[in-house]
Amino acid sequence: MTNLINDRLIRALLRQPVDCTPVWLMRQAGRYLPEYRATRAKAGDFMTLCKTPELACEVTMQPLARYDLDAAILFSDILTIPDAMGLGLHFTQGEGPAFQRPIRSAADVRQLNIPDPESELNYVISAVRTIKQALQNKIPLIGFAGSPWTLATYMVEGGSSKQFSIIKAMLYNQPQTLHLLLSKLATAVTAYLNAQIAAGANAVMLFDTWGGVLTTEAYQAFSLNYMQQIMAGLTRQVNGQTIPIILFTKGGQQWLEITAASGCDAIGVDWTIDISQAKQRVGNKVALQGNMDPAILHASPEYIRQEVKSILAGYGHNPGHVFNLGHGITPDIPPEHVKVLVDAVHEFSQLTP
Ligand code: CP3
């Protein structure tokens with residue numbers, strides 16, 4: 001039992017029965033919505049938007065006014081932690097994030113402080129509190145953080161990357177330096193997520209966006225290992241309610257069995273695996289979240305509806321499915337198509353006995 005009016009998301013993440021399949025979408029608040037672009041213009045830039053709790057709350061609520069979503073996700077970014085560690089984050093139009101002071105040596109890593117969520121990251125925790133008030137317990141709020149490995153890719157490369165050559169050179173030449181960085185990040189992420197939980201987040205998600213670029217051995221040692229440390233340190237019960245953990249390794253379908261045994265409640269899956277196969281492989285160990293290709297939102301409403309039907313059928317009549325995309329909504333998606341998707345998930349999952 002939760003005190004939420006609609007607790008389908010929490011129930012599905014904990015593999016309990018639901019009246020219909022819950023749905024939310026990664027990047028549901030974002031540039032594809034004209035009202036988001038207006039609020040961002042009012043803020044001036046993306047980081048100011050993240051750092052102003054009232055505006056972060058405003059954009060979190062925007063997709064909920066349009067669609068019958070079963071969860072809200074905190075509007076923020078995974079790069080708030082490296083920003084609070086003093087790396088000098090800025091976003092340049094069209095080029096994504098960049099750090100003024102990337103991490104390249106053991107000395108750089110040793111200098112890093114672990115941010116206190118209630119001071120350096122207070123704007124995020126304050127946004128969680130503001131959003132919780134606005135939601136009035138109607139639907140759950142998902143808190144999130146980047147995985148240590150994914151955060152480290154941005155911190156070491158200095159921004160987005162295609163080849164990951166600098167961090168992979170560090171991984172193979174100076175593994176101890178990278179391990180020290182990842183262990184500091186694991187400590188920082190644990191404190192950050194626990195502060196989000198204390199402020200009212202009902203579930204948390206770890207975004208391991210770049211775990212999939214690693215070898216199996218490196219994934220276990222440099223990514224999953226640190227996510228396991230985080231999960232072991234999270235507050236799992238608040239007022240008798242379980243706080244479920246979703247782990248999303250993009251491109252991680254080859255490791256479903258090991259991620260299912262890592263201590264998470266649910267695994268986010270991208271569209272490169274058939275959901276029926278993913279379900280077969282994890283059995284009843286964890287719930288699954290996914291996995292429509294976000295590009296299908298470009299297709300016709302009829303096509304979108306068929307695809308929703310097929311993913312729901314692929315998962316089957318079992319508890320433990322949260323419908324989502326396999327990655328975030330892109331800025332060029334027509335907002336009306338998102339409504340088609342959300343309504344189709346509820347319609348088709350209710351009809352099937
Ligand atoms: O899902 C949501 O609605 C919550 C908000 C959210 C954002 N970023 C907002 C955002 C979440 C959960 C994130 C996580 C995030 N941020 C990830 C992991 C998830 C993923 O996409 O795999 C990563 C890798 C980042 C880092 C990041 N932030 C990048 C690479 C970019 C630029 C990409 C781009 O599209 O230009 C951002 C910026 C960002 N984060 C935007 C939003 C809405 C766009 C900013 C803008 O221009 O308004």
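Remember, it's 1-based here, ligands and their atoms both numbered in the order they're listed.
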Does ligand 1 have an atom that lies less than 4.0 angstrom from a heavy atom of Y154?
yes
Taking 4.0 angstrom as the limit and counting only heavy atoms of F207, give me the atoms of ligand 1 inside it, by number and element.
12 (C), 18 (C), 19 (C)
Hey, which atoms in ligand 1 end up nearer than 4.0 Å to a heavy atom of I73?
1 (O), 2 (C), 3 (O), 4 (C)
So, are D70 and R11 salt-bridged, with charged N and O less than 4.0 Å apart?
no
Students should be able to answer this: which protein heavy-atom is nearest to atom 1 (O) of ligand 1, and at what distance?
R27 N, 2.6 Å
Run the ring pair (Phe, Tyr, Trp, His ring centres under 6.0 Å) test on Y36 and F75 for me, step by step, so that the C-alpha distance in whole Å, both residues' side-chain angles and the decisive distance to 0.1 Å come before the verdict.
CA-CA 11 Å; Y36 169 83; F75 188 84; 5.7 Å; yes
Among protein heavy atoms, which lies nearest atom 45 (C) of ligand 1, and at what distance?
F46 CD1, 3.5 Å
Looking only at side-chain N and O atoms, does Y315 offer a donor or acceptor that is under 3.5 Å from a partner on T21?
no
When rounded to the nearest 0.5 angstrom, what distance separates CG in L181 from CZ in R110?
12.5 Å
Test of understanding: given a 4.0 Å heavy-atom threshold, classify the contact between P331 and ligand 1 as side chain, backbone, both, or neither.
neither
Please check: side-chain N/O of N194 versus main-chain N/O of T235, any donor-acceptor pairing under 3.5 Å?
yes
Roughly how far, to the nearest 0.5 Å, is the OG1 atom of T60 from the CD1 atom of I131?
3.5 Å
May I ask you to identify the nearest protein heavy atom to atom 11 (C) of ligand 1, giving residue, atom name and distance to one decimal place in Å?
F144 CZ, 3.6 Å
Mark the output for P63 as yes if a heavy-atom distance to ligand 1 is under 4.0 Å, and as no if none is.
no
Tell me which one of D77, T60, L49 gets a heavy atom nearest to atom 28 (N) of ligand 1.
D77
Distance check, rounded to the nearest 0.5 Å: Q229 atom CD versus T190 atom OG1?
7.5 Å
Atoms in ligand 1 with a heavy atom of S76 nearer than 4.0 Å
5 (C), 6 (C), 7 (C), 8 (N), 9 (C)
Lys/Arg-Asp/Glu bridge criterion (N-O < 4.0 Å) met for E118, R129
yes
Within a distance under 4.0 Å of any heavy atom of A29, pick out the atoms of ligand 1 and give their elements.
3 (O), 43 (C)
Could you check whether any side-chain N or O of H321 sits under 3.5 Å from a backbone N or O of G290, counting only pairs where one atom can act as donor and the other as acceptor?
yes
Need the ligand 1 atom indices (1-based, order shown) with element for anything under 4.0 Å from a heavy-atom of H327.
20 (C), 21 (O), 22 (O)
Shortest protein heavy-atom distance from atom 29 (C) of ligand 1, along with the residue and atom involved:
P97 CD, 3.8 Å
How about F46 and D77: do any of their side-chain heavy atoms sit closer than 4.5 Å?
yes
Any nitrogen or oxygen of R40, side chain or backbone, less than 3.5 Å from one on ligand 1?
yes
Where A152 and L182 come nearest, the two heavy atoms and their spacing
CB-CD2, 3.9 Å
May I ask you to list the atoms of ligand 1 that are less than 4.0 angstrom from any heavy atom of Q28?
3 (O)
Judged by heavy atoms only, the candidate from Y32, F91, F248 nearest atom 31 (C) of ligand 1 is F91
To check your reading of the model: name the closest protein heavy atom to atom 48 (O) of ligand 1, its residue, and the distance in Å.
Y36 OH, 2.5 Å
Looking only at distance, does S160 have an N or O less than 3.5 Å from an N or O of ligand 1?
no
Quick one: nearest non-hydrogen protein atom to atom 4 (C) of ligand 1, plus distance?
L74 O, 3.5 Å
Which of the listed options, R31, Q62, E95, holds the heavy atom that is closest to atom 35 (O) of ligand 1?
R31
Below 4.0 angstrom, N of the basic side chain to O of the carboxylate: do E336 and K339 qualify?
no
Considering non-hydrogen atoms only, spot the tightest contact between R104 and Q174 and give its length.
O-OE1, 4.2 Å
Any chance the side chains of W255 and Q220 put a donor and an acceptor closer than 3.5 Å?
no
Atom indices of ligand 1 within 4.0 angstrom of I78 heavy atoms, with elements
14 (C), 15 (C), 16 (N), 17 (C), 23 (C), 24 (C), 25 (C)
Can you find a non-hydrogen atom of W210 under 4.0 Å from ligand 1?
no
Which is closest to atom 18 (C) of ligand 1 by heavy-atom distance: L89, T39, T209?
T209
Check each atom of ligand 1 against the heavy atoms of M26 and keep those under 4.0 Å away; list them by number with element.
1 (O)
